[in-house]
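What follows is a set of notes on a single structure, which appears directly below.
Each chain gets a letter, A, B and so on, in the order the sequences are listed, and its residues count up from 1. Because the structure is predicted, anything quoted here is derived from the model rather than measured.
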Amino acid sequence: MDNPFKKILQDEKLPVYIKDRVIDNLNFIKLSLDVSELYTVKVPQALGSVIGESDKKKEQELIEKIINAKKNENNDE
Amino acid sequence: MKVNLQNNNFTTMTDEDLVQMIVHSGNTSLFGILYDRYAQKVYSKCLGFAESRDVAEDLTQDVFVKLYLNLKKFRGESKFSTWLYSFTYNHCVNYSKLVLKKRRREEDLNEEYQDLMADEEITDEEIFALSVGKLQEALGQIDAEDKIILLMKYQDDKSIKEIAQMLEMGESAIKMRLHRAKKKIVEIYNSL
């Protein structure tokens, strides 16, 4: 005997506006993820590299000062 | 990334290739193509689990939002349509768990079960003898919790054990609910 449950067809149409709701939701989620990535990953990275560069500059200046000081000492002798 | 859907062959791409592109680009317009291909099928499945059209629409929307966020989990081991079917099914089953939880009274049910089992059981032959049109009408009138169990058993061919595991309920509770749902559907069917 055939199972009538298998022949049940859901012929109701999905309203068109659901697609807009889905895509709007996804765009909002994407924006939220991008913004949170910006503040948690990108900004700290940028700050890290800026601070790192200024540290390198200072380090270089210090090394140069020491070298110059030693040169001056040698010249005085 | 803006995508010109007309100038590219995105609409003729296979599901699997499209999924790859969406995962890499995150493009929601491309996801729209996937939505167009499967929205009606997902909605039809959700209708079986929902108590109203509004709920089925919300379930469909949730499935697609969740799908977008979980697309990278699709590894291509099966066809995308098969994977999406079980993804949708799991989502609907999880929703059903909430519906059934609201009415769950295991202790009372066990007592009720003893009383109900004393009634004569409706056989599968009796169920299979129902006509499709009237059965569909009767399913539209029955409670959501009864409809879910009937559809899982007779439309999706799930065993009592599988239904019990999916809905996180005891097998005896499922047997009792199925027994009651069969009685109810036949009652409603005969009253039409």
Side-chain angles (χ1 to χ4, degrees), chain A residues 1-70, chain B residues 22 25-36 38-48 50 53-54 56-69 123-140 147 150-157 185 189:
Chain A
M1 203 175 279
D2 285 345
N3 178 352
F5 280 90
K6 299 277 185 191
K7 292 180 189 161
I8 290 174
L9 295 173
Q10 299 286 3
D11 48 7
E12 283 191 44
K13 289 270 165 274
L14 176 66
V16 181
Y17 63 81
I18 300 292
K19 183 177 177 180
D20 295 335
R21 263 167 44 180
V22 169
I23 301 296
D24 286 350
N25 264 339
L26 293 181
N27 284 332
F28 179 73
I29 289 168
K30 247 188 95 187
L31 179 69
S32 310
L33 290 174
D34 287 348
V35 169
S36 64
E37 192 193 340
L38 177 71
Y39 285 102
T40 57
V41 181
K42 299 274 166 69
V43 170
Q45 258 178 9
L47 284 175
S49 74
V50 167
I51 292 167
E53 267 177 32
S54 77
D55 280 352
K56 269 185 193 169
K57 263 187 187 171
K58 277 182 189 170
E59 202 179 293
Q60 196 61 40
E61 278 171 12
L62 204 65
I63 291 168
E64 276 173 17
K65 255 187 193 178
I66 293 168
I67 292 171
N68 286 336
K70 282 208 169 177
Chain B
I22 297 165
S25 66
N27 190 292
T28 50
S29 305
L30 288 178
F31 188 76
I33 300 174
L34 212 54
Y35 175 95
D36 289 337
Y38 291 103
Q40 191 56 49
K41 280 184 187 160
V42 169
Y43 180 58
S44 298
K45 194 74 226 161
C46 292
L47 273 170
R53 271 180 225 159
D54 287 345
E57 286 173 13
D58 287 346
L59 276 173
T60 307
Q61 187 183 330
D62 293 346
V63 165
F64 277 100
V65 170
K66 220 170 109 182
L67 176 69
Y68 178 82
L69 298 172
T123 62
D124 286 352
E125 283 71 29
E126 284 174 82
I127 294 289
F128 294 162
L130 306 177
S131 76
V132 182
K134 268 178 86 177
L135 175 64
Q136 191 157 2
E137 213 181 322
L139 282 170
K147 184 172 76 168
L150 284 170
L151 291 182
M152 287 178 95
K153 168 78 180 152
Y154 292 108
Q155 199 169 60
D156 305 319
D157 298 320
I185 198 79
Y189 182 94

If I measure from the heavy atoms of chain A, does B/Asp36 come under 4.5 Å with its side chain, its backbone, both, or neither?
side chain

In Å, rounded to the nearest 0.5 Å, how long is the span from CD of B/Glu57 to OH of A/Tyr17?
3.5 Å

Residues two or more places apart in sequence or in another chain: which of them pass salt bridge (charged side-chain N to carboxylate O under 4.0 Å, His left out) with A/Glu37?
A/Lys42

Where does A/Asn3 contact chain B at under 4.5 Å (heavy atoms): side chain, backbone, both or neither?
both

Note: vs chain B, highest number of non-hydrogen pairs under 4.5 angstrom among A/Lys7, A/Glu12, A/Lys13 is A/Glu12

Could you look at B/Tyr43 and say if it's the side chain, the backbone, both or neither that has a heavy atom under 4.5 Å from chain A?
side chain

Flag the pair B/Lys45 and B/Asp156 as a salt bridge only when some basic side-chain nitrogen lies within less than 4.0 angstrom of an acidic carboxylate oxygen.
yes

What part of B/Leu150 gets closer than 4.5 Å to chain A, counting heavy atoms only: side chain, backbone, both or neither?
both

With a 4.5 angstrom heavy-atom cut-off, could you sort out which part of A/Phe28 is near chain B: side chain, backbone, both or neither?
neither

Measuring heavy-atom distances to chain A, does B/Ala56 have an atom under 4.5 Å in its side chain, in its backbone, in both, or in neither?
neither

Mind checking what makes side-chain hydrogen bond (donor to acceptor under 3.5 Å, both in side chains) contact with B/Tyr68, not counting sequence neighbours?
none

For the pair B/Lys147 (side chain) and B/Ala50 (backbone), establish whether a donor and an acceptor sit closer than 3.5 Å, ignoring hydrogens and angles.
yes

Part of B/Tyr154 lying under 4.5 Å from any heavy atom of chain A:
both

Donor-acceptor contact below 3.5 Å, side chain B/Gln155 vs main chain A/Pro4:
no

Check each atom of B/Thr28 against the heavy atoms of chain A and say whether the ones under 4.5 Å are side chain, backbone, both or neither.
both

Toward chain A, the part of B/Leu69 with a non-hydrogen atom under 4.5 Å
side chain

Mind checking the CD1-CG spacing from B/Ile185 to B/Leu135? Nearest 0.5 Å is all I need.
5.5 Å

